[in-house]
Amino acid sequence: MSAEAVPMSRTKVTIHPLWVRITHWINALAMVLMIGSGWQIYDASPLPLFQFEFPTSITLGGDLPTGLAWHFAAMWLLAANGIVYVGLGLASGRFRAKLFPIRGREILADVAAALRGRLAHDDLAVYNAVQKLLYLGVILAGVVIVLSGLSIWKPIQLQWLTALFGGYDAARYVHFFAMSAIVLFLAVHVVVALLVPKSLRAMIIGR
Ligand code: HEM
């Protein structure tokens, strides 16, 4: 039977290709490891950025050496996977097709619809304006967190990068705020995924 002869409700349209699903879930794992171990490193810092600590129960690694070991191990996973996702996202045209254009008017309309509980999720293949903005934002935050992390890991070898962030101390704040943005995104993102289970299903099996 040709694809045209199959009723729309029965066609099996791939919403997220395999490479998106694999890189998405590897990224989720790597992010959780990076965030948990990052909080451990933050708590152990002799020069804390802020006057609060993360509860030990939500940090990864019981002490500084173990936290650092986790952070540096998961870093390779996050960076390598991120390069594959961003590389394929750009090369395949997926980013252009799915995340652009983002129009201010549409964002306002979608936020208003979401607040009234009326934001449609009928077509999972098309992101609404708020999704586009948030996905693009978190991808950029991912790039910033990796680059600022590199600049505070190797401030001598990568002086130019550290300077780009305004110096070592500023790069630490940038790294922290990028983490905060990603954690905020993640909190909203997971709640929405659970509220719209078919979107979660599509990110697991593709359809
Ligand atoms: C347990 C954690 C996570 C769950 C349950 C989850 C779930 C999902 C689901 C269901 C979608 C598809 C959304 C849709 O079709 O409307 C999605 C897409 C996406 N998620 Fe997540 N996610 C998680 C973690 C993360 C993390 C940590 C990040 C980044 C920091 C992230 C970034 C993205 C991006 C950028 C997309 C769009 C992908 C694309 O279309 O190329 N997710 N996620």
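Predicted model, so just to flag it, every value in this text is computed and none were measured. Side chains are part of it too, since the values below use all heavy atoms of this structure and drop only hydrogens, waters and symmetry mates. Numbers for residues simply follow the sequence, beginning at 1. Counting starts at 1 for both ligands and their atoms, in listed order.
- Using a non-hydrogen distance threshold of 4.0 Å, F95 does not register as a contact of ligand 1.
- Relative orientation of the H71 and H175 rings is perpendicular, given thresholds of 30° and 60° on the angle between their planes.
- Those atoms of ligand 1 with a heavy atom of Y85 less than 4.0 angstrom away are 35 (C), 38 (C), 39 (C), 41 (O).
- Each of the atoms 14 (C), 15 (O), 16 (O), 37 (C), 38 (C), 39 (C), 40 (O) of ligand 1 lies under 4.0 Å from some heavy atom of Y127.
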Run the numbers on F95 and Y135 for ring-ring contact (aromatic ring centres under 6.0 Å, His included), then give the verdict. CA-CA 10 Å; F95 284 173; Y135 290 154; over 10 Å; no
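- Using a 4.5 Å heavy-atom threshold, the side chains of I204 and H16 count as separate.
- Considering backbone and side-chain atoms together, W25 places no N or O closer than 3.5 Å to any N or O of ligand 1.
- Every atom of ligand 1 with a heavy atom of A28 under 4.0 Å away is listed here by number and element: 24 (C), 27 (C).
- Between S199 and ligand 1, no pair of N/O atoms sits closer than 3.5 Å.
- The shortest heavy-atom distance from K98 to ligand 1 is not under 4.0 Å.
- Nearest protein heavy-atom contact of atom 13 (C) of ligand 1 is Y135 OH, 3.1 Å.
- Contact check for W39 versus L60: no side-chain heavy atoms found under the 4.5 Å cut-off.
- Atom 29 (C) of ligand 1 has N27 ND2, 3.2 Å as its closest protein atom, hydrogens excluded (heavy atom only).
- By heavy-atom distance, the residue among R201, M203, Q131 lying nearest atom 16 (O) of ligand 1 is Q131.
- Around atom 21 (Fe) of ligand 1, the two atoms NE2 of H24 and NE2 of H189 are separated by an angle of 170°, to 10 degrees.
- With a 4.0 Å cut-off on non-hydrogen atoms, L186 touches ligand 1 through its side chain and not its backbone.
- The aromatic rings of F52 and F54 stand perpendicular to each other, their planes meeting at an angle above 60°, with 30° marking the opposite boundary.
- When each atom of ligand 1 is checked for a heavy atom of H16 under 4.0 Å away, the hits are 12 (C), 15 (O).
- Hydrophobic clustering of Ile, Leu, Val, Met, Phe, Trp and Tyr side chains at less than 4.5 Å, counting indirect connections, keeps L77 apart from M34.
- For ligand 1, the atoms lying closer than 4.0 Å to a non-hydrogen atom of F185 are 28 (C), 31 (C), 32 (C).
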